[in-house]
Structures are given as structure tokens and as C-alpha cells.
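Quick note: numbers below take in every heavy atom, side chains included, and nothing from hydrogens, waters or symmetry partners. Residue numbers start from 1 in every chain, and the chains themselves are labelled A, B, ... in the order their sequence lines are given, proteins ahead of strands. The shown structure was predicted, so the numbers you read here are calculated from the model rather than taken from an experiment.
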Amino acid sequence: MTKPVRVRFAPSPTGHLHLGNARTALFNWLFARHEGGTFILRVEDTDTARSTDESERMILDDLKWLGLDWDEGPGVGGEFGPYRQSERTGIYREHAERLLADGKAFTCYCSDETLDENRKRARDEGRVPQYDGACRHLSESERRARELDGVRPTIRLRAPDADIVVEDMIRGRVEFGKEMLGDFIILRSDGRPTYNFAVVVDDALMGITHVIRAEDHLPNTMRQQLLYSRLGYEPPLFAHVSLIVAQDRSKLSKRGGATSLQKLRREGFLPGAVINYLALLGWSHPEAKEILSREDLVGAFDLKRVSASAAAFDDDKLEWVNGHHLRESPLSIVVAAAKPFAVSAGFDSDDARFPAIVDLVREGLDRLSNLPGEIAPFYDRDFDLEPEAKEWISLHESRQMFAALADAFAAVPGKLDAAEFKSVLKSQGSALGLKGKALFMPARAALTGRTHGPALGSVAELLGRERVVSRCLAAAGDAERQ
RNA sequence: GGCGCCAUCGUCUAGUGGUUAGGACGCCGGCCUCUCAAGCCGGUAACACGGGUUCGAUCCCCGUUGGCGCUACCA
């Protein structure tokens, strides 16, 4: 009998949601959904200097955009709240005082300067910098004396004289020597908890069963493990996921392609594609499937198939995944995602033809930021001919064709659909001895101003007779002038 | 510096004590085609190095090298 799964994603609101964080959030969410468990969002804002409401808002917004909905946390509540650490200071203080009363922690009056000096000396001597224990055995009267001097103490946990073993679901057994661990601070002199302390208290109180987080927290786990036993709480299972690095193996932060969700959103990646790609970074489908829907991922996700080695972010593959999602997602979803890109480029996305235009151009799209360029020929605004298109129009053989074409298209009874367009084009072409490329390319150039694009018949149908005729006329005029 | 994690094609990865080391992206070529994409077919390319253990190591152990992380009253 196993406990129902409860996992959490616990970002610090100190910036945008980074890709590594996004993947950590995703793995937690996938695990929770796969196991039918609970996904909790907790905001770790104990660093009051760096945390901002704006940042928290952006991170929550990014998570929502990805579709990673949380069952407990900011905005939705839950019975284990509050879910912002800044609102839980009383809880941490109580726990620290309990440890103090039990003799498992002690107050420390050492100054920053003393601490810095000790650290420096230890490092110079090749030792692990750790607390020298100066305040460990202070008497009651000594402590009172320091208080009277106005020193605000920190609270330190008494470290044990024993090695610590961490059992990790992804990395196996990891041992840390006792010399690695000093009496570390759990409560700052201003009463705020330190990261390790707040995390353990919260994870324990919130009933977290699995801590899935990035590898950079592995060394912290040693301290947290100790905290669990000192506090008398049962520790959760740990799973440390690798970090994401840039193509050159350096940190993802500054170099390389897209590093933040914001950037990916701006470049026109679909949330489903981002999730799909992120999941593939460090996890693999048992049947090696690569294009997976949200439901596919939830169904197949398994911590056992998560890789232990760092993965490099690859723009090309993300684009490939996105291309698939762009082509295979329901049109309504793609259209909705495409609208902002069209609108910001000045194109009318309320045009009745818009969904059909998107449907047509999405075949050749790998990111929505390229959408404006692809849909431009369907609108009258800024319609212009590329140099290569002009060449096709001014070819001797095609020159004479446009006026005839304009008349022929204008004479078509009823709607000018793709089939009708093609049959008219072909019959007009054959009258002039033109067919195939020699026929279609000039026509394409005249109608779209481009030499590349979707099937010309479909393009013409969406353009509508009026535009087709007027562009043929314009081409006839251009050809004449040349 | 100390401690820890990691190491299969350029990249993401599968995999096993005995395999022609598999797939995907990219790249190259072909097919399709009015073009570009897409799609389909084919090609390219890897077990970091050195010791062990073993009849046999990509796989297990040790070391080296390299990458990354941690080393705070940051998270």
C-alpha cells in the first residue's frame, strides 16, 4: 500500500521561468498526473531582496500557458497553505524554537566578518569551509551577554558526527562524508528561514511524497535529510533530474538559443510542442515515439526512464517538434495561437478567410513568428513582388498571358475554386503553348509575388476572384513596362 | 582547492556480459511535385581514455580526462 502521490514545484520568484525550471515543473506535473496524485505549486520567496510580485506573476502565467495546472497553491488554495513561504514565517519560527528547546539547534552570535575569515582560511588550507563551532557550547549566561550587546543571533542546527546517505531515484545511493556538513543556519538573524530549512518544513507539512527537482540541489539533500530526522518527519523520496545546458555544454542562461519560456512564446512555439520537446530532453518514450500529445505524455511518463546526464537544448529539434504540432493540432488551436502574430504584424485576423489561410500556410511553418511573412500574399496591404517573381512575370513567353488570364478568370461563372482555377489556367496556358513550371511559376509570381508557397489552386481560391483578376491585370501592366 | 553528479553518432536518446550498437533531429542524396515545405526512401555519424574482473566487455569495478553542480544569514 503506497501513499497517494503528492509532488510540488517550488520556484523562486526572481525572474522569468527558465527552461530548466519549466522541465522540472513538467516532470513533477507529469508524474502527478500519471500517478493520479496531487501537483502543488509553492512560491519560495524567502529571499526578500530578490523576490518580486511581478516575477511571481510571470512564472504563474508561464505555467498556465504550458498547461501545467496545479491542484494546490497560489490562486487555488488548498488545505496545506499558505503556499508562499513569506506567509509562513511563524511556522518556521515554531519549528526552529522546537529544535532549540530540544537542544538540536543553538543560537549563534558570530559576525559576518568572523565567518568570512574562517571560510577563507579553511579554503586556503584545502579544507571544506564549515562552521567552527564557536557558539556551539556557549553557556546560558554567555548567550545572555551577547543578547545584551544587541547581537541578533542566527539559529544553527547541530550537525551529527556521521556520514549521510541519500537514496536517489535517478542516481542511486549517494554518500556525503560527515566533514562536508557543519552546523548550518536554519533561521537568519532577522527571523527568516534559510532555503533548506523552509523547504523541509514545507515539504513535510504539505505531505510531499516525492521531491523531483534539478540536480543542483543534490548537495542540499544531505542537509535536508538531516533536517527530516532532527524534526522527526519521514523524508520523501528524492529524484534529481539533470540540468539543461546550451549546445556548447555551457550554462543555458546567457548563451545559445531560446532560454526562457517568454522567448519561446514570442517566437511562436505552441505550448504542446514545448512540453513535448522538454519531455524528450532527458526522458524517452518506451516505444521511442517522439511526437506526443499532452495525454500521451501523461500516459507514458515514468521516472525510471529519466536520464541522469545533462541534456543540451537543441533549437532544430524543437522546431521540428513544433512543426508537427502546428500541422497536426486541431485547426482551432493553431488559429487561436496564430492570431496575435497576425495582428501584431498588422493583418486582420478577423477576416473570414483567416482560418483557411492559416490552415494552408501551416504546412510550411515551423514557428508562428514566421506566420506574417507567409500570410502576407493573401492580404492587399503591402502586396509586392519579389525580384525573382518579377523575372518570371517578364519572361517573354509569359508576358502575353496575364491579360488573357484576367479575362478568363473574370468570365468564370460562380465561385473561383481551386479546381476551376487550375482548369482555366491550364486551358489558357495550352493556347499559348505553356504548361507545367513555365505556366505555373509566372502565375504564382503574379498572384503571390513569390516563387514559393502552397499549392497555387488553393491559394487562388482563398485570394478570391477579385484579387486574382486584379493581380493578373497588374502583372500584365508590369510585363508591358519591362 | 574540496566534495558530488555525469560521460553511446554534432545533438536528444535506446540498448545488452556475446547485437551488423537501434531510433530521432540535423546534414547529404533520391522520389513526389507548379515552387517551397510536408511526406516517403536511402546515406552520413557514436560506445572519451587507461587499467582490471571475465571465455568474452559499450555494459561491472578502479583510475584518468573532460563537462557540470555545490561549496552563503541565495535559492
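Summarising the base pairing, G50(B) is matched to C62(B) through a Watson-Crick or G-U wobble pair whose two defining distances lie under 3.5 Å. Base pairing analysis places U19(B) opposite nothing; no Watson-Crick or G-U wobble pair with both distances below 3.5 Å involves it. The partner of A24(B) is U11(B), by the rule that a Watson-Crick or G-U pair needs both atom distances under 3.5 Å. In this structure, C70(B) and G2(B) make a Watson-Crick or G-U wobble pair, each of the two defining distances being under 3.5 angstrom. In this structure, G39(B) and C31(B) make a Watson-Crick or G-U wobble pair, each of the two defining distances being under 3.5 angstrom. The pairing partner recorded for G56(B) is none, the criterion being a Watson-Crick or G-U wobble arrangement whose two distances lie under 3.5 angstrom.
Of the candidate nucleotides G2(B), U13(B), U35(B), U35(B) has the atom nearest to the side chain of Arg444(A). Ranking U35(B), A75(B), C25(B) by closeness to the Asp316(A) side chain, first place goes to C25(B). Here the nucleotide nearest the side chain of Arg327(A), chosen from A75(B), A38(B), G2(B), is A38(B). Side-chain proximity of Glu290(A) to the nucleotides G26(B), G23(B), C5(B) is greatest for G23(B). Ranking C25(B), G4(B), C34(B) by closeness to the Trp320(A) side chain, first place goes to C25(B). Listed candidates were C73(B), U11(B), A75(B). Nearest to the side chain of Tyr195(A) is A75(B). Side-chain proximity of Glu215(A) to the nucleotides U13(B), C5(B), C34(B) is greatest for C5(B). Here the side chain of Pro219(A) is nearest to one of A75(B), G69(B), C34(B), namely G69(B). Comparing C34(B), A75(B), U13(B) against the side chain of Asn220(A) picks out A75(B) as the nearest. Of the candidate nucleotides U13(B), C70(B), C5(B), U13(B) has the atom lying nearest to any side-chain atom of Ala311(A).
G4(B) and C9(B): their C1' atoms are spaced 29 Å apart (whole Å). Between G29(B) and A45(B), the two C1' atoms lie 16 Å apart (nearest whole Å). Nucleotides U13(B) and C47(B), compared at atom C1', are 13 Å apart to the nearest Å. Across the C1' atoms, G2(B) and U8(B) are found 31 Å apart, a figure rounded to whole Å. For the C1' atom pair drawn from G15(B) and C59(B), the interatomic distance equals 9 Å after rounding to whole Å. For the P atom pair drawn from A21(B) and U44(B), the interatomic distance equals 14 Å after rounding to whole Å. Distance check on atom P: G10(B) versus C6(B) gives 22 Å, rounded to whole Å. C36(B) and C31(B) have their P atoms separated by 12 Å, with the value rounded to a whole Å.
Contacts of Leu456(A) with the nucleic acid, taken as non-hydrogen atoms under 4.0 Å apart, include base atoms. In this structure, Ser12(A) reaches the sugar-phosphate backbone alone: every heavy-atom distance under 4.0 Å involves primed, P, OP1 or OP2 atoms, never a base. When heavy atoms are screened at a 4.0 angstrom cut-off, Glu175(A) is found touching the sugar-phosphate backbone but no base atom. Contacts of Ala49(A) with the nucleic acid, taken as non-hydrogen atoms under 4.0 Å apart, are absent. If you check every strand for non-hydrogen atoms under 4.0 Å, Gly282(A) touches sugar and phosphate atoms only. In this structure, Asp190(A) reaches neither bases nor backbone, as no heavy-atom distance under 4.0 Å exists between it and the strands shown. Residue-level contact check: His217(A) touches the bases, meaning some heavy atom is under 4.0 Å from a base atom. Among the protein residues, Pro454(A) comes within range of the nucleic acid bases, having at least one heavy atom under 4.0 Å from a base atom.
Contact check on Asp202(A) versus Arg88(A) returns a salt bridge, with a Lys/Arg side-chain nitrogen under 4.0 Å from an Asp/Glu carboxylate oxygen. Electrostatic pairing of Glu97(A) and Arg93(A) counts as a salt bridge here, judged by a charged N lying under 4.0 Å from a carboxylate O.
Each of Glu328(A) and Phe176(A) has a nearest nucleotide on RNA chain B; the 5'-most of these lies closest to Phe176(A). Taking for each of Thr451(A) and Tyr277(A) the nucleotide of RNA chain B with the nearest heavy atom, the 5'-most of the two is the partner of Tyr277(A).
For Asp216(A) and A75(B), a side-chain-to-base donor-acceptor distance below 3.5 Å is absent, hydrogens and geometry of angles not being considered. Side chain Ser189(A) to base C73(B): a donor-acceptor pair is found below 3.5 Å. Judged by distance alone with a 3.5 Å cut-off, no donor-acceptor contact links the side chain of Arg171(A) to the base of C5(B).
Under the 3.5 Å distance criterion, with hydrogens and angles disregarded, no donor-acceptor pair is assigned to the side chains of Asp45(A) and Gln85(A). No side-chain N or O of Asn21(A) forms a donor-acceptor pair with one of Thr24(A) less than 3.5 Å apart. Between the side chains of Thr221(A) and Arg213(A), at least one donor-acceptor pair of N or O atoms lies under 3.5 Å.
Pairing each heavy atom of Tyr228(A) with each of Ala204(A), the nearest pair is CE2-CB, 4.1 Å.
Scanning for salt bridge (charged side-chain N to carboxylate O under 4.0 Å, His left out) contacts around Arg136(A) gives Asp183(A), with sequence neighbours left out. Partners of Glu319(A) under the salt bridge (charged side-chain N to carboxylate O under 4.0 Å, His left out) rule, at least two apart in sequence or in another chain, are Arg367(A).
Phosphate proximity of G15(B) to Arg305(A): present, with a side-chain N or O under 4.0 Å from OP1 or OP2. Contact between the side-chain N/O atoms of His324(A) and the OP1/OP2 oxygens of G39(B) is found at a separation under 4.0 Å. At A75(B), none of the side-chain N or O atoms of Thr14(A) fall inside 4.0 Å of OP1 or OP2 (strictly under the cut-off). Residue Thr46(A) has a polar side-chain atom (N or O) positioned under 4.0 Å from OP1 or OP2 of A75(B).
Computed from coordinates, the Met180(A) CE to C3(B) P distance equals 8 Å when rounded to whole Å. In this entry the distance linking CD of Glu319(A) with C1' of U11(B) reads 14 Å, nearest Å. Rounded to a whole Å, the CZ atom of Phe440(A) is 11 Å from the C1' atom of U35(B). When the P atom of G69(B) is taken as reference, atom CD1 of Ile170(A) falls 18 Å away, rounded to whole Å. Whole-Å rounding puts the Asp163(A) CG to C3(B) P distance at 13 Å.
Using a 30° and 60° split on the angle between ring planes, Phe301(A) and Phe27(A) fall in the tilted class, from 30° to 60°.
For Tyr195(A) and His217(A), the ring centers are positioned less than 6.0 Å apart. Checked against the 6.0 Å centroid criterion, the rings of Phe197(A) and Phe184(A) do not qualify as a close aromatic pair.
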message: side-chain contact (heavy atoms from CB on, under 4.5 Å) for Lys263(A) and His16(A)? Distances and angles first, verdict last.
response: CA-CA 10 Å; Lys263(A) 186 169 179 196; His16(A) 283 289; over 6 Å; no
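Looking at residues 360-373 of chain A, you'll see Glu363(A), Gly364(A) sit with a heavy atom under 4.0 Å from some atom of RNA chain B.
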